[in-house]
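We count residues from 1, following the sequence as given.
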Amino acid sequence: MSVTASHWRDQLEQLRSHKLFETFIITVIIISALLIGAKTYEETSRFERIMYWLDWGVTLLFLAEIIVRIAAEKHTLDFFKKGWNLFDFAIVTASLIPIDDSQMVLLARLLRVFRVLRLVSMIPELRMLLSALVKSLPRMGYVALIMFIIFYIYGAVGSFLFHEVDEKLWGNISLAMLTLFQVATFESWATAVLYPTMEHYPYSWIFFLTFIFLNAFIFLNMMIGIVLDVMQKESALHELETGEGEAADIHWLREHVESQQSQLDRIEAKLDGKI
């Protein structure tokens with residue numbers, strides 16, 4: 001009995017790790033995303049019944065995939081020890097909510113939208129990017145705090161100096177900070193903000209250029225640098241896990257050198273003992 005179970009588990013493990021199986025699931029995820037998008041067009045209402053059964057077909061395929069992945073584990077609980085597995089399990093389980101129930105139809109459709117996120121869990125490179133983004137958030141938070149302080153200072157100064165120019169833009173510190181956000185995004189800021197202000201204060205360009213220099217050229221580049229640094233570390237970890245890439249080669253060389261060094265130390269110890 002145990003031999004048969006082990007045999008089936010090995011077969012399911014081979015199926016789960018097979019490239020064609022992964023490609024098939026990714027294709028199903030894309031089809032699911034297309035179905036969700038198609039339902040937003042009125043022209044597809046005549047195919048509503050077909051799309052209904054296609055949706056349930058996708059849901060059943062996802063359910064079968066999760067069952068295969070769980071059954072392929074030596075211990076069922078090992079499947080739930082990985083965060084991405086929990087994410088997939090939650091998305092697939094939520095998709096089982098019937099969409100034809102009028103009270104749950106909106107919730108069911110919203111949950112089906114999140115099935116597109118399963119592409120992230122299926123593609124290692126996307127998982128690496130998302131993991132890098134999440135790990136960058138704490139460090140980016142400090143940069144965002146500094147940016148908020150700069151926004152607040154410049155907003156207060158702008159409100160004091162330019163409130164007579166345009167009350168809608170500089171009437172209070174909240175409006176002033178929103179105006180500065182428009183300036184920071186370069187969205188029609190020159191014609192809507194800079195030039196009207198310069199008509200009353202010719203040297204007001206100094207205020208705006210220093211603000212842009214601090215935010216667009218320094219703090220935003222600091223955020224980009226943080227993300228790139230974390231992505232580099234995540235890429236190295238991914239290479240170590242897969243055993244491919246420069247980081248994996250360096251790790252192998254380090255272990256090989258340490259092994260050779262330990263052998264040399266043992267040989268020297270034996271020679272010293274004989275002498």
Dump the intermediate steps for side-chain contact (heavy atoms from CB on, under 4.5 Å) on T59 and L63, then the final yes or no. CA-CA 6 Å; T59 302; L63 182 61; 5.7 Å; no

Please say whether more than 12 non-hydrogen atoms of neighbouring residues, nucleotides or ligands are located less than 6.0 Å from OH in Y201.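 Yes, OH of Y201 has more than 12 neighbouring heavy atoms, counting only those of other groups under 6.0 Å.
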
Check the surroundings of atom CH2 in W84: do more than 12 heavy atoms from other residues, nucleotides or ligands lie under 6.0 Å from it?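 It does: W84 CH2 has more than 12 such atoms within range.
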
So if you build clusters from Ile, Leu, Val, Met, Phe, Trp, Tyr with side-chain heavy-atom gaps below 4.5 Å, do [X] and [Y] land together?
| X | Y | answer |
| --- | --- | --- |
| I70 | L60 | no |
| L175 | F160 | no |
| M222 | F181 | yes |
| Y142 | I226 | no |
| L137 | M147 | no |

What is the minimum heavy-atom distance between [X] and [Y], and which atoms define it?
| X | Y | result |
| --- | --- | --- |
| P196 | T191 | CD-O, 3.4 Å |
| T179 | L169 | OG1-O, 2.7 Å |
| M51 | A38 | CE-CB, 3.6 Å |
| S204 | M198 | OG-CG, 3.3 Å |
| I150 | L214 | CG2-CD1, 4.1 Å |

Hydrophobic cluster partners of L228 (side-chain heavy atoms under 4.5 Å):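 Listed partners: I224.
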
Less than 4.5 Å apart, side chain to side chain, heavy atoms only: is that true for [X] and [Y]?
| X | Y | answer |
| --- | --- | --- |
| D88 | F62 | no |
| V165 | E199 | no |
| L220 | N215 | no |

What pairs meet the side-chain hydrogen bond (donor to acceptor under 3.5 Å, both in side chains) rule with one or both residues in [range], with sequence neighbours excluded?
| range | value |
| --- | --- |
| residues 149-175 | Y154-T210 |
| residues 20-33 | S32-R115 |
| residues 217-227 | none |

What residue pairs, at least two apart or across chains, pass salt bridge (Lys or Arg N to Asp or Glu O under 4.0 Å) with a residue in [range]?
| range | answer |
| --- | --- |
| residues 200-223 | none |
| residues 133-162 | K135-E234, R139-D229 |
| residues 176-197 | none |

Quick one: [atom1] on [X] to [atom2] on [Y], what's the gap to the nearest 0.5 Å?
| X | Y | atom1 | atom2 | value |
| --- | --- | --- | --- | --- |
| E65 | I25 | CD | CD1 | 4.0 Å |
| R69 | K82 | CZ | NZ | 9.0 Å |
| D55 | L35 | CG | CG | 6.5 Å |
| K19 | I26 | NZ | CD1 | 8.5 Å |
| L180 | F151 | CG | CZ | 6.0 Å |

Test side chain to side chain contact (heavy atoms under 4.5 Å, CB included) applied to [X] - qualifying residues, sequence neighbours left out:
| X | result |
| --- | --- |
| V227 | S136, M140, M231 |
| L61 | F24, V28 |
| I212 | V183, F186, W189, A216, F217 |
| A192 | Q182 |

Taking only residues two or more places apart in sequence, or in another chain, which ones meet F80 in a ring pair (Phe, Tyr, Trp, His ring centres under 6.0 Å)?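 F89.
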
List the steps, then state whether ring-ring contact (aromatic ring centres under 6.0 Å, His included) holds for F207 with F162. CA-CA 11 Å; F207 173 87; F162 309 136; 5.3 Å; yes

